2 protein chains.
Amino acid sequence: MPVTIRDVAEAAGVSITTVSRALNGYADVSPETRKRILQIAERLNYRPNHVARSLVRQRTQTIGLLVSDFGKSRTGHHFMFDVLAGVYERLAELGYDVSLVSTTTAQQHLVSYLDFCTERRFEGVIVMGIRLDDPYVHEVVESPLPSVVIDLPLLSDHCGYVMTDNINGAKFAVRHLFQQGHRHIGFVNGYAQAAVSADRLRGYKEGLRTVGLPFEPALVYESDFSLAGGAQGFRELRQGYPDVTAIFFASDLMAIGGMREALANGLRVPEDLAVVGFDNIDLTELVSPTLTTVGQHRYEMGMTAAEMLIGMLERDEPPQGRLLAPELIVRESG
Amino acid sequence: MPVTIRDVAEAAGVSITTVSRALNGYADVSPETRKRILQIAERLNYRPNHVARSLVRQRTQTIGLLVSDFGKSRTGHHFMFDVLAGVYERLAELGYDVSLVSTTTAQQHLVSYLDFCTERRFEGVIVMGIRLDDPYVHEVVESPLPSVVIDLPLLSDHCGYVMTDNINGAKFAVRHLFQQGHRHIGFVNGYAQAAVSADRLRGYKEGLRTVGLPFEPALVYESDFSLAGGAQGFRELRQGYPDVTAIFFASDLMAIGGMREALANGLRVPEDLAVVGFDNIDLTELVSPTLTTVGQHRYEMGMTAAEMLIGMLERDEPPQGRLLAPELIVRESG
DNA sequence: CCAAGCATCCAAAACGTTTTGGAAAAACCC
DNA sequence: GGGTTTTTCCAAAACGTTTTGGATGCTTGG
């Protein structure tokens with residue numbers, strides 16, 4: 001029962017062509033008719049049907065927002081919500097709709113990610129929360145559907161990425177700890193399947209090199225980004241290398257886990273053990289001591305991804321790999 | 001140039017009607033032709049165009065997810081992400097797509113929320129993060145577009161809601177503190193514009209009554225859900241009513257703020273002051289002492305909202321007000 | 001006054017599906 | 001063998017727009 005363009009046309013005594021052109025601001029309709037049509041459209045409360053428009057224009061103006069798996073992911077909440085907000089806001093400004101897609105959904109429907117998106121005629125996709133070992137990775141990179149991936153350095157003809165400069169982030173952390181006088185700086189990394197892990201390890205090593213400290217394998221432990229994993233990381237490092245006086249954790253959650261374990265073992269933070277995290281989640285300001293960390297600009301990451309994608313779509317810009325500067329935020333823990 | 005149903009029809013030497021019926025599992029197509037068509041569709045990698053289908057079927061199978069304002073809302077991240085995940089997962093299971101809408105976007109486009117949704121032919125809307133004093137509230141309730149609101153008790157012909165049973169949640173907290181021996185129990189509430197605030201105050205009062213304690217106005221302070229607001233609340237209550245031995249805060253963030261202020265003032269928690277929060281955010285397990293709180297089942301709230309909406313759409317079920325049971329989670333703080 | 005240009009309008013095709021109302025052929029019943 | 005049913009298929013309409021390619025009448029320039 002919704003009112004169509006035909007209803008407006010009949011009420012105005014003109015053809016639907018004229019109504020369409022009047023409403024879309026074309027030149028070849030006289031001022032009086034245009035005014036009359038606008039009034040009638042208003043009076044009838046006419047709303048153009050986006051579906052019909054999409055069909056004939058062959059443009060849905062819709063972007064898919066692919067989240068690796070919505071339900072499960074306990075970690076990354078803090079991270080993802082802000083990125084998502086950034087993506088959404090920018091796309092909305094640019095006149096695009098955003099439709100959610102989860103990898104699990106596509107699987108349920110027994111169609112590939114790409115098929116899912118083509119059926120809906122998405123014009124592009126923004127991908128977040130995906131892992132290096134995710135089977136979807138290949139599909140995303142190779143698919144002709146324009147895409148921008150967040151936090152994974154995938155670059156191809158139709159696929160760009162946005163991530164924080166994790167190498168420099170880790171270097172900042174190491175340099176800062178060095179400047180605070182530490183000479184035995186440990187590193188607790190996240191799991192290897194996360195793309196950021198390799199970069200942060202590299203940054204840690206480079207950081208040590210630039211300040212002139214040797215790299216000690218016993219000072220590195222690979223964990224899993226979780227709170228418990230951080231505590232575990234602290235214990236392992238302390239056991240394998242008792243002289244450690246500072247630990248850089250690849251996530252705030254791990255840093256908090258490690259810090260609590262240290263406090264529980266009677267160490268003082270930062271006097272006996274300095275702690276630096278990564279991400280700058282809300283929690284960092286709420287724990288005590290407050291957590292020194294390397295901050296990522298999450299909202300901006302989302303906005304940047306959105307802009308890159310639209311650039312590719314509307315101005316044929318080539319996909320790029322964009323690194324956003326991290327920010328060292330010094331608080332009480334180190 | 002995506003392949004259409006016509007391409008498949010030509011390749012198979014049949015009409016597009018037959019292709020459509022074959023692919024959609026209708027009876028009146030012979031097994032051999034069906035098999036042939038399926039093979040050819042597969043070979044050509046045919047994907048039905050959802051836009052065209054939506055147009056002719058007059059059904060988009062798309063639900064709008066209205067978030068009050070995405071960009072700004074600093075508080076509520078934890079809350080919203082889980083709810084959002086629940087909504088999405090359930091709707092996806094039920095075969096619906098989810099499109100994001102922010103109140104700010106609609107404003108930018110100078111169309112009302114309802115117009116925004118009608119243009120896109122959303123079949124229903126789920127609303128979250130909206131406040132009592134939001135101008136959109138009226139629109140949502142009165143609009144003929146089926147909707148379910150989260151955390152706001154709006155009920156009408158086309159509008160249901162899902163929220164935690166805040167009254168009982170508050171009662172649980174008070175009863176628990178009473179059972180721990182407390183006889184002077186304070187309450188720091190959130191701002192009055194949040195719909196949940198009225199309920200929590202009511203629950204607090206009812207809780208007092210059921211355990212036989214008098215209601216003291218000096219034991220209630222209205223704050224703003226924030227960390228600082230919690231600290232402020234603690235100070236005000238302590239000043240106006242020095243005998244207070246336990247405080248129930250209407251949010252975990254306030255509880256933590258209040259608790260930290262208490263600790264800073266030399267009080268022991270829970271010995272000198274017992275503290276109970278509301279929400280069960282991640283942080284509650286990370287502070288020390290860990291926080292006793294009233295937990296909400298956020299993911300379930302999302303799922304329930306999704307189910308109610310689809311019930312209204314597909315089975316003409318009347319909109320309801322559903323209250324989800326809260327859960328008292330006893331930890332160290334009280 | 002004629003040709004050309006301009007302003008204003010419209011009929012019809014197109015977008016890619018689903019669905020309706022048969023039609024043709026085959027199978028069945030007595 | 002004639003009627004009826006069943007099976008298998010299809011042409012055409014419909015969904016609500018945009019866009020193409022004129023058509024009509026009026027104005028203008030020489």
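If you're wondering where the values come from, they're calculated on a predicted model, not measured in any experiment. Chain letters run A, B, ... following the sequence lines, proteins first and then strands; every chain starts at 1.
In this structure, CZ of B/R47 is placed 21 Å from P of C/dC15, rounded to the nearest angstrom. At whole-Å resolution of the value, CG in B/N24 and P in C/dG16 are 17 Å apart. What separates CD of A/Q58 from P of D/dT17 is a distance of 17 Å, to the nearest Å. At whole-Å resolution of the value, CG in B/L23 and P in C/dT19 are 13 Å apart. Atom P of nucleotide C/dT18 and atom CZ of B/R21 are separated by 10 Å, given to the nearest angstrom. Atom CD1 of A/I16 is separated from atom P of D/dT20 by 15 Å (rounded to the nearest Å). Regarding B/R120, its CZ atom lies at a distance of 18 Å from the P atom of D/dG16, rounded to whole Å. Following rounding to the nearest Å, A/L55 (CG) and D/dG16 (P) show an atom-to-atom distance of 12 Å.
Residue whose closest nucleotide on DNA chain D sits further toward the 5' end, between B/R57 and B/R34: B/R34. In terms of position on DNA chain D, the residue among B/T18 and A/T17 whose nearest nucleotide sits closer to the 5' end is B/T18.
In this structure, the nucleotide among D/dT18, D/dT17, C/dT19 sitting nearest to the side chain of A/Y46 is D/dT17. Side-chain proximity of A/A52 to C/dC10, C/dT18, D/dT17: nearest is D/dT17. Nearest to the side-chain atoms of B/V56 among the listed nucleotides C/dC9, C/dT18, D/dG16 stands C/dT18. When the nucleotides D/dC10, C/dC9, D/dT17 are ranked by their closest atom to the side chain of A/T33, C/dC9 comes out on top.
With salt bridges taken as basic N to acidic carboxylate O contacts below 4.0 Å, none links B/E32 and B/K35.
Among the protein residues, B/S54 comes within range of no part of the nucleic acid, since none of its heavy atoms lies under 4.0 Å from any strand. Within the nucleic acid shown, B/R59 has no heavy atom closer than 4.0 Å to any nucleic acid atom. Contact annotation for A/V51: no contact, since no heavy-atom pair falls under 4.0 Å across all strands. In this structure, A/S30 reaches the sugar-phosphate backbone alone: every heavy-atom distance under 4.0 Å involves primed, P, OP1 or OP2 atoms, never a base. Nucleic acid contact class of B/D28 (heavy atoms, under 4.0 Å, all strands): base.
An OP1 or OP2 oxygen of D/dT18 is reached within less than 4.0 angstrom by a side-chain nitrogen or oxygen of A/S20. Side-chain N/O atoms of B/Y26 include one lying less than 4.0 angstrom from OP1 or OP2 on C/dT19.
The side-chain contact (heavy atoms from CB on, under 4.5 Å) test with A/V140 singles out one residue from A/V127, A/L145, A/L114, A/V148, and that residue is A/V127.
With a 6.0 Å radius and a threshold of 12 heavy atoms from other residues, nucleotides or ligands, A/R6 has its CZ atom at or below the threshold.
No cation-pi contact links A/R90 to A/Y88, judged by a cut-off of 6.0 Å to the six-membered ring centre and 45° from its axis.
Between A/V125 and A/P146 the shortest side-chain heavy-atom distance does not fall below 4.5 Å.
The two atoms that bring B/D151 and B/A195 nearest to each other are O-CB, 3.8 Å, heavy atoms only.
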